[in-house]
Engineer: 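Handing you this structure, nothing more for now.
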Amino acid sequence: MKSICDYARAQGWKIVEDACHALGGTNHGAKVGACAYSDMACFSLHATKSFTASEGGMVSTNNPAYAEKMRVLRSHGMTPDPDTGPWAYRMDELGFNYRLTDVQAVLAISQLSRMEDVRQRRAEIASQYRAALNGFSPYVKVVPASGNGEPLLHLFQLAIDFEGLGKDRATVMKALLQRQVGTQVHYIPVSQQPYYEKLYGVQEMPGADSFYQNVLALPYYVGLTDADVRAVIQAVQDICG
Ligand SMILES: *Cc1c(COP(=O)(O)O)cnc(C)c1O
């Protein structure tokens with residue numbers, strides 16, 4: 001974020017970060033969401049995230065004018081108009097209904113209070129995976145620990161050279177599932193989606209394409225016990241060793 005920010009500031013650009021995967025982490029000494037390197041940061045509270053309100057999301061900013069503008073846009077563009085009377089409101093611009101329900105907001109707030117526990121447990125699981133899976137096979141790589149801060153990882157992903165391993169990804173996923181280890185692929189590059197192919201034609205995105213070829217996400221959530229983590233590690237070592 002720091003280098004993106006340095007570049008963007010020099011160009012006079014504003015930065016809206018998609019920080020959905022990063023809530024609870026730190027980057028270059030700043031908390032994610034504190035907007036040290038951006039103007040606004042967006043978070044999803046969808047059910048698959050580390051902190052959830054079942055649906056919805058939030059935006060953080062340090063800029064009071066942006067905060068006020070977002071509040072107005074969130075609620076039909078309406079503001080109170082006490083000069084006209086205690087009943088009055090005015091609508092200066094077109095807004096939306098982007099409100100979270102109160103029930104969801106309560107859920108989100110109570111989840112945020114668990115942030116430190118969630119951060120610690122996710123960091124523990126990640127370091128157990130890293131210690132056991134780093135270098136056990138020439139065909140399997142783990143994401144190295146970041147030098148830029150303390151991330152609260154949303155996913156724990158392996159990069160597997162399936163060709164070198166001599167098994168394709170579907171075979172590996174099915175074999176893991178037989179050991180009761182569910183895995184997933186996050187994500188198919190948007191450039192490969194029919195919508196974008198129709199818009200821009202077939203695009204070569206070497207980085208995204210090779211990432212997609214190799215990626216496999218392991219079970220990674222706070223409810224995993226140490227025994228679960230060991231079972232996942234054993235299954236990966238047996239199948240990808
Ligand atoms: C979940 C997610 C989104 C989408 O969030 P919605 O709540 O579905 O709008 C966008 N970006 C990232 C990185 C996400 O993880």
Side-chain angles (χ1 to χ4, degrees), residues 1-5 8 13-28 30-61 66-67 69-71 73-75 95-112 114-115 118-119 121-123 125-126 129 143 146 148-159 182-196 199-200 203 205 207-212 214-224:
M1 280 310 299
K2 192 172 183 313
S3 46
I4 290 173
C5 180
W13 295 345
K14 303 291 178 203
I15 307 171
V16 178
E17 359 168 17
D18 179 344
C20 291
H21 279 199
L23 185 58
T26 62
N27 186 256
H28 285 102
K31 281 191 175 162
V32 171
C35 295
Y37 308 110
S38 67
D39 297 282
M40 299 179 211
C42 304
F43 301 94
S44 169
L45 297 171
H46 180 252
T48 57
K49 314 298 173 172
S50 305
F51 305 93
T52 179
S54 80
E55 263 295 1
M58 54 187 187
V59 184
S60 62
T61 181
Y66 293 161
K69 175 100 180 182
M70 285 190 282
R71 284 194 189 99
L73 290 175
R74 174 178 65 185
S75 210
F96 309 92
N97 178 349
Y98 280 173
R99 295 184 300 266
L100 208 60
T101 66
D102 289 353
V103 176
Q104 287 172 305
V106 166
L107 191 54
I109 289 166
S110 78
Q111 295 251 317
L112 291 177
R114 305 187 312 142
M115 189 175 272
V118 169
R119 196 191 63 73
R121 182 62 190 148
R122 289 180 89 94
I125 297 169
Y129 277 156
V143 181
S146 157
N148 294 337
E150 285 203 54
L152 193 162
L153 295 182
H154 176 62
L155 298 166
F156 193 91
Q157 295 168 308
L158 300 177
T183 52
Q184 234 333 334
V185 173
H186 304 282
Y187 300 89
I188 301 170
V190 288
S191 56
Q192 295 185 19
Q193 292 296 348
Y195 174 82
Y196 289 104
L199 261 184
Y200 300 117
Q203 299 287 322
M205 301 273 171
D209 294 343
S210 87
F211 174 85
Y212 173 49
N214 299 327
V215 72
L216 195 66
L218 296 182
Y220 187 56
Y221 51 93
V222 281
L224 286 174

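Order of appearance sets the numbers: ligands from 1, and atoms from 1 within every ligand. Throughout, residue positions are numbered sequentially from 1 according to the sequence presented. The model shown is predicted, which means the values in this text are computed figures rather than measured ones.
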Engineer: For atom 12 (C) of ligand 1, what's the nearest protein heavy-atom neighbour? Residue, atom name and distance, please.
Structural biologist: C20 CB, 3.3 Å
Engineer: If you define the side chain from C-beta out and look only at heavy atoms, does anything of Q184 sit under 4.5 Å from L155?
Structural biologist: no
Engineer: Is the closest heavy-atom distance from K49 to ligand 1 below 4.0 Å?
Structural biologist: yes
Engineer: Quick check on D102: does its CG atom have over 12 non-hydrogen neighbours (other residues, nucleotides or ligands) under 6.0 Å away?
Structural biologist: no
Engineer: Name the orientation class of the two ring planes belonging to H21 and Y187 (parallel below 30°, tilted from 30 to 60°, perpendicular beyond 60°).
Structural biologist: tilted
Engineer: Write out the residue and atom name of the closest protein heavy atom to atom 9 (O) of ligand 1, then the distance separating them to 0.1 Å.
Structural biologist: S44 OG, 4.7 Å
Engineer: For atom 6 (P) of ligand 1, is the nearest protein heavy atom closer than 4.0 Å?
Structural biologist: yes
Engineer: Can you confirm, on distance only, whether ligand 1 has an N/O atom lying under 3.5 Å from any N/O atom belonging to H21?
Structural biologist: yes
Engineer: For R71, look at atom CZ and say whether over 12 heavy atoms of other residues, nucleotides or ligands are found less than 6.0 Å away.
Structural biologist: no
Engineer: If we only count N/O pairs under 3.5 Å, is D18 in contact with ligand 1?
Structural biologist: yes
Engineer: If I take atom CG from residue L23 and atom CG from residue L112, how far apart are they, to the nearest 0.5 angstrom?
Structural biologist: 6.0 Å
